[in-house]
> 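Just dropping this structure here.
Only this structure's heavy atoms are used, side chains among them; waters, hydrogens and symmetry mates stay out. This one's a predicted model, so the numbers in the text were calculated from it and none came from an experiment. Note on naming: letters A, B, ... go to the chains in the order of the sequence lines (proteins, then strands), and numbering restarts at 1 for each one.
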Number of protein chains: 2
Amino acid sequence: MFSKACEYGIKATIYIALKSYQGQRVSLKDIASEINSPEAFTAKILQKLSRDHVINSIKGATGGFEIEKDRISSIKLSQIVNAIDGDEIYKGCGLGLATCNEHHPCPMHGKFIGVREELRYMLETTNLEELALGIKSGLTYLKV
Amino acid sequence: MFSKACEYGIKATIYIALKSYQGQRVSLKDIASEINSPEAFTAKILQKLSRDHVINSIKGATGGFEIEKDRISSIKLSQIVNAIDGDEIYKGCGLGLATCNEHHPCPMHGKFIGVREELRYMLETTNLEELALGIKSGLTYLKV
DNA sequence: TCTAATTCGGATAATTTTATCCTATTTAAT
DNA sequence: ATTAAATAGGATAAAATTATCCGAATTAGA
């Protein structure tokens with residue numbers, strides 16, 4: 001469904017949100033260990049999310065990654081997915097046709113539109129805060 | 001969402017079903033041209049579908065690919081996807097956790113379960129006949 | 001029997017995705 | 001200033017996916 005990079009990106013952002021919520025800044029090493037991802041690869045993904053202003057990166061000795069507390073609840077899953085995988089997955093044709101719409105639908109169009117719409121809605125309405133809260137309360141997990 | 005191989009596989013199977021429905025057997029060349037896919041790569045995918053008994057392949061001079069008419073309505077999209085991409089996409093965790101269930105959910109689990117379930121249901125209930133019929137009636141398209 | 005049309009399948013190549021390595025740069029603290 | 005800890009980013013490598021090439025095998029029909 002999502003690329004590995006996107007999976008890492010989502011998990012990393014949730015973890016950063018959780019820690020930011022608690023007033024803590026987190027290092028790459030910490031993130032990679034917490035979400036069980038390869039460090040250098042995760043670094044590239046965080047750079048991308050930082051350039052896209054989903055997260056903030058702070059260089060230097062006490063540097064790391066964080067998100068302003070008051071932005072956490074307004075950041076949607078779709079922004080993360082978009083920054084890494086683009087929007088093809090929740091806006092594009094299921095069979096990869098360049099143009100697929102009501103006037104020129106692929107064979108799956110009518111069947112797929114509900115799935116895609118539900119995915120789009122889920123990604124565009126789910127915010128970081130609710131995801132981080134699940135981790136905080138020990139109800140959900142980022143690894144294993 | 002689906003791999004390129006899977007997209008080709010679905011389109012190819014729909015086209016084979018359409019022609020089989022009309023009592024015609026189709027060649028690889030015909031298929032590749034009709035769904036706009038690379039011939040040799042499509043051949044590998046058709047081999048896989050053939051080994052999985054989704055389609056039949058006939059060797060030799062007047063050979064090609066076909067599906068028994070009376071099986072067309074009973075073949076589900078999920079069988080094609082399964083043969084090529086496996087079932088991870090509609091059964092696995094959205095964040096790639098090896099174990100993700102109600103007792104040990106990933107942060108997205110509760111949000112993702114609806115999407116995944118709708119995708120699973122769509123794939124498991126949509127049959128080849130309805131997809132081929134759309135093409136036959138000129139309402140849907142396999143390319144452009 | 002021969003030929004032509006076809007699928008099969010092994011080998012290889014190209015491209016994309018995933019992953020690693022290493023140096024430069026930044027910054028807080030001593 | 002110096003040092004240590006951290007991110008940035010270019011170069012490269014490994015693995016997976018997508019794509020191509022070509023000879024072997026099969027089969028209908030002349």
> Which donor-acceptor pairs under 3.5 Å do side chains of residues 46-57 of chain A form with protein atoms, sequence neighbours excluded?
{"unit_1": "Gln47(A)", "atom_1": "OE1", "unit_2": "Arg51(A)", "atom_2": "NH2", "d": "3.3"}
{"unit_1": "His53(A)", "atom_1": "ND1", "unit_2": "Arg51(A)", "atom_2": "O", "d": "3.4"}

> Enumerate donor-acceptor pairs with a distance under 3.5 Å from any side-chain N or O in residues 97-107 of chain A to protein atoms, sequence neighbours excluded.
{"unit_1": "Thr99(A)", "atom_1": "OG1", "unit_2": "Val144(B)", "atom_2": "O", "d": "3.4"}
{"unit_1": "Asn101(A)", "atom_1": "OD1", "unit_2": "His103(A)", "atom_2": "N", "d": "2.9"}
{"unit_1": "Asn101(A)", "atom_1": "OD1", "unit_2": "His104(A)", "atom_2": "N", "d": "3.0"}
{"unit_1": "His104(A)", "atom_1": "NE2", "unit_2": "Lys143(B)", "atom_2": "O", "d": "3.2"}

> Grab the CD1-P distance between Ile55(A) and dA6(D) for me, whole Å please.
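Between P of dA6(D) and CD1 of Ile55(A): 16 Å.
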> Suppose the criterion is ring-ring contact (aromatic ring centres under 6.0 Å, His included): which pairs have a residue in residues 11-30 of chain A, not counting sequence neighbours?
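Found none.
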> How many whole angstroms separate atom NZ of Lys48(A) from atom P of dT7(D)?
19 Å
> Between atom CD1 in Ile45(B) and atom P in dT7(C), what is the gap in whole Å?
14 Å
> Let me know the distance between CD of Gln47(B) and P of dT20(D), rounded to the nearest Å.
16 Å
> Can you give me every donor-acceptor pair (side chain of residues 120-129 of chain B, partner residue at least two apart or in another chain, under 3.5 Å) with its distance?
{"unit_1": "Arg120(B)", "atom_1": "NE", "unit_2": "Glu117(B)", "atom_2": "OE1", "d": "3.2"}
{"unit_1": "Arg120(B)", "atom_1": "NE", "unit_2": "Glu117(B)", "atom_2": "OE2", "d": "3.3"}
{"unit_1": "Arg120(B)", "atom_1": "NH1", "unit_2": "Glu124(B)", "atom_2": "OE1", "d": "2.3"}
{"unit_1": "Arg120(B)", "atom_1": "NH2", "unit_2": "Glu117(B)", "atom_2": "OE2", "d": "2.3"}
{"unit_1": "Thr125(B)", "atom_1": "OG1", "unit_2": "Tyr121(B)", "atom_2": "O", "d": "2.7"}
{"unit_1": "Thr126(B)", "atom_1": "OG1", "unit_2": "Met122(B)", "atom_2": "O", "d": "2.7"}
{"unit_1": "Asn127(B)", "atom_1": "OD1", "unit_2": "Glu129(B)", "atom_2": "N", "d": "2.9"}
{"unit_1": "Asn127(B)", "atom_1": "OD1", "unit_2": "Glu130(B)", "atom_2": "N", "d": "3.1"}
{"unit_1": "Asn127(B)", "atom_1": "ND2", "unit_2": "Glu130(B)", "atom_2": "OE2", "d": "3.4"}

> With ring-ring contact (aromatic ring centres under 6.0 Å, His included) as the rule and sequence neighbours excluded, what pairs involving residues 23-47 of chain A come up?
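Only Tyr8(A)-Phe41(A) qualify under ring-ring contact (aromatic ring centres under 6.0 Å, His included).
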> Please tabulate, for the side chains in residues 72-83 of chain B, all donor-acceptor contacts under 3.5 angstrom to protein atoms that are two or more places apart in sequence or on a different chain.
{"unit_1": "Ser74(B)", "atom_1": "OG", "unit_2": "Arg71(B)", "atom_2": "O", "d": "2.9"}
{"unit_1": "Lys76(B)", "atom_1": "NZ", "unit_2": "Ser74(B)", "atom_2": "O", "d": "3.4"}
{"unit_1": "Gln79(B)", "atom_1": "OE1", "unit_2": "Lys76(B)", "atom_2": "N", "d": "2.8"}
{"unit_1": "Asn82(B)", "atom_1": "ND2", "unit_2": "Tyr90(B)", "atom_2": "OH", "d": "2.4"}

> Short of 4.0 Å, heavy atom to strand atom, which residues of residues 18-30 of chain B count as contacting DNA chain D?
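Those residues: none at all.
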> Take the protein atom CZ of Phe65(A) and the nucleotide atom C1' of dT26(C), then report the distance between them rounded to whole Å.
13 Å
> Which pairs with one or both residues in residues 10-29 of chain A pass salt bridge (charged side-chain N to carboxylate O under 4.0 Å, His left out), sequence neighbours excluded?
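Listed by first then second residue: Arg25(A)-Glu66(A).
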> Base contacts versus sugar-phosphate-only contacts with protein, heavy atoms under 4.0 Å: please encode nucleotides 12-21 of chain C as B, S and - from 5' to 3'.
------BBB-
> Search all heavy atoms of Glu7(A) against all heavy atoms of Phe2(A) and return the closest pair with its distance.
OE2-O, 3.8 Å
> Distances for protein N/O vs nucleotides 26-30 of chain D N/O pairs under 3.5 angstrom?
{"unit_1": "dT26(D)", "atom_1": "O2", "unit_2": "Gly60(B)", "atom_2": "N", "d": "3.4"}
{"unit_1": "dT27(D)", "atom_1": "O2", "unit_2": "Ala61(B)", "atom_2": "N", "d": "3.1"}

> Among all residues two or more places apart in sequence or in another chain, which pass the side chain to side chain donor-acceptor pair (under 3.5 Å) test with Thr140(B)?
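Testing Thr140(B) for side chain to side chain donor-acceptor pair (under 3.5 Å), a comparison that skips the adjacent residues, returns none.
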> Holding to side-chain contact (heavy atoms from CB on, under 4.5 Å), I want the full list of residues that pass it with Leu139(B), two or more places apart in sequence or in another chain.
Ser137(B)
> Return no unless some side-chain N or O of Arg51(A) is found under 4.0 Å from OP1 or OP2 of dA8(D).
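No, outside the criterion.
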> Can you tell me if Arg116(B) uses its side chain to pair, donor with acceptor, with the backbone of Gly92(B) under 3.5 Å?
yes
> Could you tell me how far apart Asn56(B) (CG) and dC8(C) (C1') are, to the nearest whole angstrom?
16 Å
